[in-house]
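Notes follow once the structure below has been shown.
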Number of protein chains: 2
Amino acid sequence: MERGRGALGPALELVHTGRAPTRAVLTAELGVTRATAGAVAAELEALGLIEVDARPAAAAGSQGRPSHRLSLAPDGPVVLAAQIHADGFRAALVGLGGRMVATAPGCMTVPADPAHIIDAVVEAGAGLLRETGRRCLGAGLAVPSAVAEPEGTALNPLHLSWPAGAPVRELFTEALAKADVPGPGGAPALGVTGNDVNLAALAEHRHGAGRGARHLLCVATGHRGVGGALVLDGRLHSGSSGLALEVGHLTVNPAGLPCHCGSRGCLDVEADPLAFLTAAGRDPGPEVSLLQQSRDLLRTEYADPAVRAAAELVVDRLGLGLAGLVNILNPDRIILGGLHRELLEADPERLRAVVADRSLWGRSGSVPILSCTLDHNSLIGAAEAAWQPVLDDPLAALG
Amino acid sequence: MERGRGALGPALELVHTGRAPTRAVLTAELGVTRATAGAVAAELEALGLIEVDARPAAAAGSQGRPSHRLSLAPDGPVVLAAQIHADGFRAALVGLGGRMVATAPGCMTVPADPAHIIDAVVEAGAGLLRETGRRCLGAGLAVPSAVAEPEGTALNPLHLSWPAGAPVRELFTEALAKADVPGPGGAPALGVTGNDVNLAALAEHRHGAGRGARHLLCVATGHRGVGGALVLDGRLHSGSSGLALEVGHLTVNPAGLPCHCGSRGCLDVEADPLAFLTAAGRDPGPEVSLLQQSRDLLRTEYADPAVRAAAELVVDRLGLGLAGLVNILNPDRIILGGLHRELLEADPERLRAVVADRSLWGRSGSVPILSCTLDHNSLIGAAEAAWQPVLDDPLAALG
DNA sequence: GTATTTTGTTTAGCGTCGGCACAAAGTCAG
DNA sequence: CTGACTTTGTGCCGACGCTAAACAAAATAC
């Protein structure tokens with residue numbers, strides 16, 4: 001009866017990622033007729049997900065009737081996004097298009113017991129839902145640890161002092177049920193849970209520096225160790241059990257520091273904030289986060305030869321690791337986050353030269369290396385993961 | 001009018017890979033009704049691709065009406081498969097299901113000029129087509145070099161003494177046109193060309209030891225250097241420009257031999273046949289291939305402590321490389337070919353122990369490591385790549 | 001003001017698939 | 001051997017989701 005049901009999900013994803021600003025573009029991107037695209041847009045509007053603005057959009061120079069503008073409904077449904085990191089947690093409501101609708105002030109409690117902290121972050125998010133009265137369609141959580149699939153357990157929550165193997169997805173889902181947070185179809189939310197760098201990569205791919213990339217590699221370091229993520233054709237690649245892109249144990253300095261993995265000179269211990277501070281001869285203090293200390297040092301004392309030499313050392317190590325990943329994954333774009341982003345911006349040419357020099361064929365060495373561009377990309381990524389069921393089947397999710 | 005057009009390709013792939021022995025299984029695998037599955041099977045039979053045998057198939061113990069058997073048509077169309085390696089070339093006709101229908105005797109001419117050798121192998125295949133009178137639907141070529149996409153040039157045909165960057169796909173397509181080899185739809189064949197290890201992985205995934213794996217990693221060494229390949233959800237992952245899984249320059253021995261890439265102790269120079277022969281104190285002779293010499297040594301003199309020690313050394317290096325790949329790719333199965341297969345079979349436990357020890361989480365370390373099981377897997381893989389258009393859209397390809 | 005271009009909408013029609021009823025072919029129980 | 005049961009194959013109908021085509025609308029070009 002109704003037209004345009006099969007294309008509903010793809011159409012929403014196009015508007016969601018900003019690739020379908022008008023009905024005309026939507027028609028072309030979906031590869032359907034104008035009639036179908038019109039019906040799809042009408043259906044999405046009826047569902048309260050998008051808005052159609054009949055006012056023309058300053059058609060610059062183009063002939064013909066101007067196309068109507070498609071935009072995401074500003075008062076549409078949201079998902080609950082949560083992030084736990086070394087220094088605390090943060091909760092937010094995120095709409096389609098990666099728009100942060102409401103944020104709870106980042107809490108700086110040190111996360112001791114997983115159940116306790118997850119309850120707290122969900123309660124903060126549920127409070128935002130009550131305050132704003134927005135409809136909620138799901139919930140996502142980012143944690144600084146590999147998350148095993150399909151169990152949803154945190155395997156190495158190193159800087160959270162959590163037990164290895166903590167059942168984070170289960171705890172998250174239970175907390176959501178306790179706080180009455182609804183998910184797709186009005187049923188209790190499922191509690192999508194993932195590694196923070198993985199989710200950040202997803203967010204950057206959809207709304208940030210990774211837009212349009214086919215094979216996107218992200219590498220970042222925040223506190224201790226180095227994280228990686230890969231987005232292939234728009235889908236996160238997390239391996240057969242969620243453990244892909246654990247890039248921290250690539251050898252980047254054969255004569256380097258011993259690593260707990262049994263080898264020496266792993267990326268984890270050669271290219272994280274602690275490695276940088278140590279190389280610069282600074283004693284890391286306990287007050288501020290290692291990332292913040294490294295960032296301050298890099299920004300304020302880059303003129304100091306010792307600091308500059310330390311930065312170049314870490315850049316060289318990182319470049320070796322990236323080159324190894326390029327040889328294995330052959331991405332068409334690389335995005336760096338955390339300290340790696342700062343190092344890239346301090347001396348972009350050096351990093352690019354090392355990667356190009358050590359990648360096998362000049363061409364794959366010339367892969368663009370960019371800084372991440374989204375604020376709170378792990379949080380937005382958690383929201384993206386929570387949105388996925390809606391993007392896959394809007395009708396079922398809105399039931 | 002006709003039912004079951006959308007499912008035609010998936011259905012053919014199921015029969016092709018042996019996952020749909022009967023109409024009943026086909027119905028379940030496709031997730032359609034019996035009526036649709038029946039129409040699909042009838043259509044594929046009318047196209048001459050499969051056969052439906054109404055005779056029951058010894059229904060062991062099961063109740064109800066026995067299902068009709070589905071099988072691939074023995075006299076159906078074929079594709080031309082070609083392989084070029086260090087010692088010569090080989091051509092064959094391959095039907096659906098990876099069945100070798102006809103083979104030209106492997107020619108042992110040393111491949112000097114790419115155009116010349118590609119013309120010769122295509123001519124050998126065209127001869128088989130003339131002899132057998134079979135209908136041809138495409139052609140595939142496997143070469144021992146990375147093949148850049150989308151150009152189709154051989155970037156490192158190291159042991160062929162070809163110029164780097166030889167336009168192999170173009171040469172192959174031209175040779176096919178010269179020999180009047182038809183492709184999908186009767187038009188001149190397109191000349192699908194790929195790296196031999198990549199194509200071998202594809203073949204093993206569909207018809208060999210990789211059947212049923214979601215994320216399949218293949219590693220092999222034949223002559224010099226080490227090749228890798230990854231099959232993700234049934235599709236070859238060759239990266240954004242065909243250069244993925246160039247695994248030869250993973251560092252596996254920090255104090256090892258210098259490598260032309262500028263580093264030391266790369267997998268390429270630490271775990272190939274030459275490395276093994278050298279470690280065993282043997283002087284590689286020029287008569288037989290390095291792989292053959294290694295294989296003979298391993299099989300006949302494994303009792304010799306020096307040989308055994310050399311094997312263990314190479315196994316340890318290989319294990320380190322595999323562990324690194326496991327940490328990055330998190331495959332659910334690994335298949336080894338060439339000398340690596342021999343080493344695995346000589347001492348399966350040692351390799352598995354090294355990989356498990358150096359993989360991050362015990363669980364991903366327990367990934368099964370198997371030998372490849374197909375003869376001529378690169379050749380079959382070239383055929384698989386050539387079959388792909390037919391599997392994607394049988395109607396268009398047979399048009 | 002008229003022609004042209006491009007977009008949105010309406011209507012008719014058609015292809016593909018699910019649902020259902022029925023027939024066919026085997027097993028199982030007596 | 002017979003009848004009940006189970007499972008598979010097929011024909012018919014209708015619904016769903018799309019294309020095609022004609023028409024209407026809104027801008028630019030001349």
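Computed from a predicted structure; not experimentally measured. First the proteins, then the strands, lettered A, B, ... as listed; each starts at 1. Just the heavy atoms: all of them, side chains too, but no hydrogens, waters or symmetry mates, feed the values below.
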**Prompt:** Considering the options B/L72, B/L44, B/V15, which one meets the side-chain contact (heavy atoms from CB on, under 4.5 Å) requirement together with B/L49?
**Reply:**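 The option that passes is B/L44.
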
**Message:** Does C/dT6 have OP1 or OP2 under 4.0 Å away from a side-chain N or O of A/S62?
**Reply:**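 For C/dT6, OP1/OP2 do not have a side-chain N/O of A/S62 under 4.0 Å.
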
**Request:** May I have the step-by-step check of salt bridge (charged side-chain N to carboxylate O under 4.0 Å, His left out) for A/E204 and A/R333, ending in yes or no?
**Result:** CA-CA 11 Å; A/E204 291 286 343; A/R333 200 176 304 172; over 6 Å; no

**Check: B/H237 ring centroid to A/H237 ring centroid under 6.0 Å** =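 Ring-ring flag for B/H237/A/H237: false, centres at least 6.0 Å apart.
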
**Asked** With no hydrogens and no angle check, do the side chains of B/S241 and A/N330 hold a donor and an acceptor under 3.5 Å apart?
**Response**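 Looking only at side-chain atoms, A/N330 and B/S241 do form a donor-acceptor pair, the distance falling under 3.5 Å.
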
**Request:** Please determine, by modelled atom types, if A/H68 and A/E51 share a side-chain donor-acceptor pair under 3.5 angstrom.
**Result:**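 Absent: no donor and acceptor within the cut-off.
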
**Request:** Any chance you could list the contact pattern along nucleotides 6-12 of chain D? Use B for base contacts, S for sugar-phosphate-only contacts and - for none, protein heavy atoms under 4.0 Å, 5' to 3'.
**Result:** BBBBBBB

Rounded distance (Å) that lies between atom [atom2] of [N] and atom [atom1] of [X]:
| X | N | atom1 | atom2 | result |
| --- | --- | --- | --- | --- |
| A/L70 | C/dT7 | CG | P | 13 Å |
| A/D53 | C/dG8 | CG | P | 12 Å |
| B/E43 | C/dG15 | CD | C1' | 13 Å |

**Request:** Mind checking side-chain hydrogen bond (donor to acceptor under 3.5 Å, both in side chains) for B/T17 and listing every partner two or more places apart, or none if nothing turns up?
**Result:**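 Here the qualifying residues are B/R19.
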
